[in-house]
Colleague: 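If you scroll down you'll find the structure; I have some questions about it.
Ligands are counted one by one from 1 in listed order, and the atoms in each one are counted from 1 as well. Below, each value reflects all heavy atoms present in this structure, side chains not excepted, and no hydrogens, waters or symmetry copies.
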Amino acid sequence: MECYLPQLLLESLEGLPGYDRTAFENIHCSGEQVISVRLNNRKIPAVAELAFADAAVAGNVPWSTDGYYLSQRPSFTLDPVFHAGAYYVQEASSMFLEQVLRQTTDLTQSIKVLDLCAAPGGKSTLLQSLISNTSLLVSNEVIKTRVNVLAENITKWGAANVVVTNNDPKDFPRLENYFDVIVVDAPCSGSGLFRRDADLVKEWSPQNVTMCSQRQQRILADVLPALKEGGSLIYSTCSYSESEDETIADWLVEECHLIPVAIPTQPEWGIVETRSPKHQGYGYRFYPDKVKGEGFFIAAFTKGEKVAPVWQSNKYKTKSERLAAKEIDIVQPYLTTNESFFFIKQQDETIALPAHLENELATIQHSLYIKKAGVKMGTIIRNELVPDHELALSNCISKTIHAIEVDKATALQYLRKQEIKLATDLKGWALLTHQQLPLGWIKILPNRINNYYPANWRILNK
Ligand code: SAM
């Protein structure tokens with residue numbers, strides 16, 4: 001719990017809509033912690049199917065379809081269902097992105113969405129759950145060391161229609177007029193997360209707020225050419241400072257000619273609608289003394305009028321090697337028949353992507369550095385697929401693959417990459433499942449079972 005709050009921050013918030021200094025200080029000193037998770041609706045449709053160890057479900061996050069509060073923080077690390085990608089531990093206020101996306105975008109259409117500042121993947125997994133299967137999500141993170149955790153969380157989420165990239169915002173104008181929606185969850189001074197992370201309090205300074213505000217403008221100016229005419233920009237921070245929030249909204253209207261969009265909220269949600277001082281741009285403030293969640297700000301804009309698409313999606317050809325027909329015959333049975341895929345080879349690994357994204361992959365390959373795309377299926381060795389972990393966690397894996405259901409203790413042994421023993425007549429590759437959710441691959445040999453859980457993902461604590 002962090003009770004000390006910087007005086008300069010408290011003073012700078014005076015007069016802002018919804019700011020009540022006493023209530024704000026009290027909630028920071030109360031010791032209250034809000035824990036929330038969001039279900040992966042394509043893996044687990046009902047919260048009733050989840051058991052969070054000692055934590056009971058304490059109601060749903062009112063602005064989120066799949067978000068739930070928990071009564072206390074369980075050990076997520078020791079929950080196999082968490083490792084299977086059935087839910088994401090996400091701060092409740094930021095789940096409001098759902099309302100903003102629904103209000104600004106027709107989600108029944110095939111759309112292209114960019115999450116520009118995506119690591120570790122909270123907003124990206126939410127966006128993926130909301131877009132249609134025929135849509136594309138480009139989930140980007142500029143900082144190399146943070147891309148791995150993003151790719152891991154996207155892999156666990158199991159969707160094939162996501163491409164993870166590692167680019168600077170400056171690289172995106174190469175995709176001029178390309179995205180229907182761009183989400184910029186900007187790096188910020190972090191005051192909204194003071195209850196969670198005491199280090200942020202120590203690092204806070206007015207100079208840092210100014211530096212963040214300038215960086216936010218730079219990021220937005222760099223990426224905006226990639227937004228289609230008529231497309232939506234969603235901007236958010238976890239800072240209370242006006243210069244990172246409403247000032248940026250004014251700047252987007254004045255300098256970038258964006259049009260602010262109002263998002264309806266329910267009074268009982270406790271979210272404060274603000275208007276930017278110069279251009280009356282709408283913004284939504286989340287104060288922890290008013291909402292059950294952390295500090296957050298979000299605003300939506302459209303970029304002018306919708307015009308006929310100018311982007312030619314068939315401009316480029318994919319640079320990747322295609323799979324031979326014989327190889328497709330080997331990998332195809334591992335995938336659901338409900339969707340069609342195309343296959344590429346990267347080094348020796350086979351990757352499956354939704355068929356309708358073929359042109360998009362070529363376009364993105366031409367312009368960005370791709371860390372991960374679609375679902376890595378594995379390597380073909382002597383006419384047999386050595387399956388990859390990504391395939392095990394993917395929503396497009398075939399239901400006909402052999403699976404062995406195990407109890408929690410065995411699941412945890414597996415996730416620790418320990419030796420496991422099972423009574424089974426099966427031979428060869430099989431999925432290990434817990435609560436019917438795939439955890440990963442095992443190979444059953446005559447005298448032992450090989451555990452193929454990725455070594456760098458294994459649970460280390462006892
Ligand atoms: N959207 C993420 C989520 O919901 O899980 C959280 C994003 S965090 C608020 C901001 C991200 O911006 C960080 O991952 C950080 O590495 C990245 N970032 C830092 N500097 C950046 C820059 N100059 N341009 C773009 N992104 C940057």
Colleague: Starting from atom 2 (C) of ligand 1, find the nearest protein heavy-atom neighbour and note its residue, name and distance.
Modeller: Ala119 O, 3.2 Å
Colleague: With a 6.0 Å cut-off on the ring centroids, do Phe297 and Phe286 count as close?
Modeller: no
Colleague: Rounded to the nearest 0.5 Å, what separation is found between the CD1 atom of Ile298 and the CG atom of Leu97?
Modeller: 5.0 Å
Colleague: Tell me which one of Asn140, Ile219, Leu220 gets a heavy atom nearest to atom 24 (N) of ligand 1.
Modeller: Ile219
Colleague: Can you name the atoms of ligand 1, numbered from 1 with element, that are less than 4.0 Å from a heavy atom of Ala118?
Modeller: 1 (N), 2 (C), 3 (C), 5 (O)
Colleague: At a 4.0 Å threshold, what atoms of ligand 1 neighbour a non-hydrogen atom of Gly121?
Modeller: 5 (O)
Colleague: Counting each atom of ligand 1 from 1 as listed, which ones have a heavy atom of Pro120 under 4.0 Å away?
Modeller: 5 (O)
Colleague: So which bit of Arg146 gets within less than 4.0 Å of ligand 1, heavy atoms only: side chain, backbone, both or neither?
Modeller: side chain
Colleague: Considering only non-hydrogen protein atoms, determine which one is nearest to atom 11 (C) of ligand 1 and report residue, atom name and distance to 0.1 Å.
Modeller: Cys117 CB, 3.6 Å
Colleague: Please assess Glu242 against Leu16 for the test side-chain contact (heavy atoms from CB on, under 4.5 Å), listing each intermediate value before the final yes or no.
Modeller: CA-CA 8 Å; Glu242 190 178 28; Leu16 287 178; 3.8 Å; yes
Colleague: For Ile143, counting its heavy atoms only, list the atoms of ligand 1 lying under 4.0 Å from any of them.
Modeller: 16 (O), 19 (C)
Colleague: For atom 15 (C) of ligand 1, what's the nearest protein heavy atom and its distance?
Modeller: Glu141 OE2, 3.6 Å
Colleague: Just need the protein heavy atom nearest to atom 27 (C) of ligand 1, so name the residue and atom and give the distance.
Modeller: Val142 CG1, 3.4 Å
Colleague: According to the interplanar angle, ranging from 0 to 90°, do the rings of Tyr334 and Trp441 count as parallel (below 30°), tilted (30 to 60°) or perpendicular (above 60°)?
Modeller: perpendicular
Colleague: Distance only, no hydrogens: is a donor on one side chain within 3.5 Å (strictly under) of an acceptor on the other, for Gln128 and Asn161?
Modeller: yes
Colleague: What are the atoms of ligand 1, with element, lying closer than 4.0 Å to any heavy atom of Ala186?
Modeller: 9 (C)
Colleague: Among side-chain atoms of Thr237 and Gln216, is any donor-acceptor pair under 3.5 angstrom?
Modeller: no
Colleague: Give a yes or no on whether the ring-centroid distance for Phe82 and Tyr87 is below 6.0 angstrom.
Modeller: yes
Colleague: May I ask you to check whether Asp185 has an N/O atom sitting below 3.5 Å from an N/O atom of ligand 1?
Modeller: yes
Colleague: Would you say Lys123 has any N or O atom under 3.5 Å from an N or O of ligand 1, going by distance alone?
Modeller: yes
Colleague: Give a yes/no verdict on whether any heavy atom in Cys188 is under 4.0 Å from an atom of ligand 1.
Modeller: no
Colleague: Ignoring hydrogens and geometry beyond distance, is a side-chain donor-acceptor pair present between Ser213 and Thr210 at under 3.5 Å?
Modeller: no
Colleague: If you count the atoms of ligand 1 from 1 in the order shown, which ones are under 4.0 Å from a heavy atom of Pro169?
Modeller: 24 (N), 25 (C)
Colleague: For atom 3 (C) of ligand 1, what's the nearest protein heavy-atom neighbour? Residue, atom name and distance, please.
Modeller: Gly122 N, 3.5 Å
Colleague: Look at the aromatic rings of Trp63 and Trp269 and report parallel, tilted or perpendicular, splitting at 30° and 60°.
Modeller: perpendicular
Colleague: Applying the side chain to side chain donor-acceptor pair (under 3.5 Å) test to Glu246, which of Gln280, Arg275, Arg285, Lys278 qualifies?
Modeller: Arg285
Colleague: Before giving the answer on ring pair (Phe, Tyr, Trp, His ring centres under 6.0 Å), spell out for Tyr240 and Phe24 the whole-Å C-alpha distance, their side-chain angles and the decisive distance to 0.1 Å.
Modeller: CA-CA 11 Å; Tyr240 301 107; Phe24 186 84; 5.0 Å; yes
Colleague: Give me the residue, atom name and distance of the protein heavy atom closest to atom 18 (N) of ligand 1.
Modeller: Pro187 CG, 3.7 Å
